[in-house]
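Worksheet: the structure to be examined is printed underneath.
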Amino acid sequence: MFGWKKKLNDLNDLMAQLRPDLSRESLGVGPDFPGVAPNPLLSSDARKRNAELRTGALALGVLVDWREVNGNPRVVLMFDVETADGISFRGIADEDLTITELTRLAPGQTLPVRYRSAVMDHYVALARDADPAHVQQLSDEIASRKRT
């Protein structure tokens, strides 16, 4: 039990050494970001987080960049996220995409994402289930706030 935070930090440091493109600095997030799980299917924290994100609050994310993690293709997507409450942050989505979805990614693309408003830990997930009318309403709300 003692030293588990040190082990967690050692794991994050190891991931940053193995994959510098997935380090906190490279992803553009702060030191509070827990990091990208080496295998989210084996991590109980990642499974719990993904379940919570599926029911999270809706926001809009502008795709900044992405990194392929493996050939599934599993990718880490980096978004500049804007919420309905006017909060902006760098969001990171760890997603399994099809080859077709991967080829359609383009920086500057706006996509609906979900986030955990109570946690605000930079994790987001693509909101594939979002109602297009709700997404349009959110987009209009954010656009009107930027005009004023």
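Note that CD of Glu101 and CG of Leu126 are 8.0 Å apart. Values are rounded to the nearest 0.5 Å. To the nearest 0.5 angstrom, Thr98 atom OG1 is 10.5 Å from Asp96 atom CG.
Considering every non-hydrogen atom in both Leu97 and Arg128, the closest pair reads CD2-NH2, 3.3 Å. Nearest heavy atom pair, residue Tyr115 against residue Val124, reads CB-CG1, 3.9 Å. Met120 and Ser117 get closest at one heavy-atom pair: CG-O, 3.4 Å. Contact detail for Ala125 and Ala93: the closest heavy-atom pair is CA-CB, 4.3 Å. Residue Pro73 comes nearest to Glu68 through the heavy atom pair CB-OE2, 4.1 Å, listed as atom of the first residue, atom of the second, then distance. The two residues Arg90 and Asp80 make their nearest non-hydrogen contact at NE-OD1, 3.1 Å.
A continuous path of hydrophobic side-chain contacts links Val81 to Leu111 [ILVMFWY only; heavy atoms under 4.5 Å]. Using a 4.5 Å cut-off between side-chain heavy atoms of Ile, Leu, Val, Met, Phe, Trp and Tyr, with links allowed through other members, Leu105 and Val113 fall into the same hydrophobic cluster. Cluster annotation: Val119 is not connected to Ile87 through the hydrophobic network of ILVMFWY side chains, with a link wherever side-chain heavy atoms come within less than 4.5 Å.
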Q. Under the side chain to side chain contact (heavy atoms under 4.5 Å, CB included) criterion, do Asn50 and Tyr123 qualify, and how do the steps go?
A. CA-CA 9 Å; Asn50 290 338; Tyr123 282 112; over 6 Å; no
**OP:** Would you please test Val64 and Phe79 for side chain to side chain contact (heavy atoms under 4.5 Å, CB included) and show each step?
**Re:** CA-CA 5 Å; Val64 175; Phe79 292 99; 5.7 Å; no
Requested in this report: Starting from the C-alpha separation in whole Å, work towards a yes-or-no answer on salt bridge (charged side-chain N to carboxylate O under 4.0 Å, His left out) for Arg47 and Asp45.
Outcome: CA-CA 6 Å; Arg47 286 193 311 269; Asp45 289 338; over 6 Å; no
- Query: Please walk me through it: do Leu63 and Met78 pass side chain to side chain contact (heavy atoms under 4.5 Å, CB included)?
  - Reply: CA-CA 6 Å; Leu63 185 63; Met78 292 168 282; 5.9 Å; no
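The closest side-chain heavy-atom distance from Trp66 to Val76 is not below 4.5 Å. At least one side-chain heavy atom of Ser139 sits under 4.5 Å from a side-chain heavy atom of Leu60. Between Thr100 and Arg104, some side-chain heavy-atom pair lies under the 4.5 Å cut-off. Looking at heavy atoms from C-beta onward, Val135 lies in side-chain contact with Leu58 at the 4.5 angstrom threshold. Side-chain contact between Leu53 and Arg116 is present, with heavy atoms from C-beta onward closer than 4.5 Å. Between Glu95 and Leu77 the shortest side-chain heavy-atom distance falls below 4.5 Å.
Salt bridge Asp129/Arg54: absent, no basic N to carboxylate O contact under 4.0 Å. Taking a cutoff of 4.0 Å between a charged side-chain nitrogen and a carboxylate oxygen, Arg114 and Glu52 do not qualify as a salt bridge.
With hydrogens and angles ignored, the 3.5 Å screen pairs no side-chain donor or acceptor of Arg145 with any backbone N or O of Asp140.
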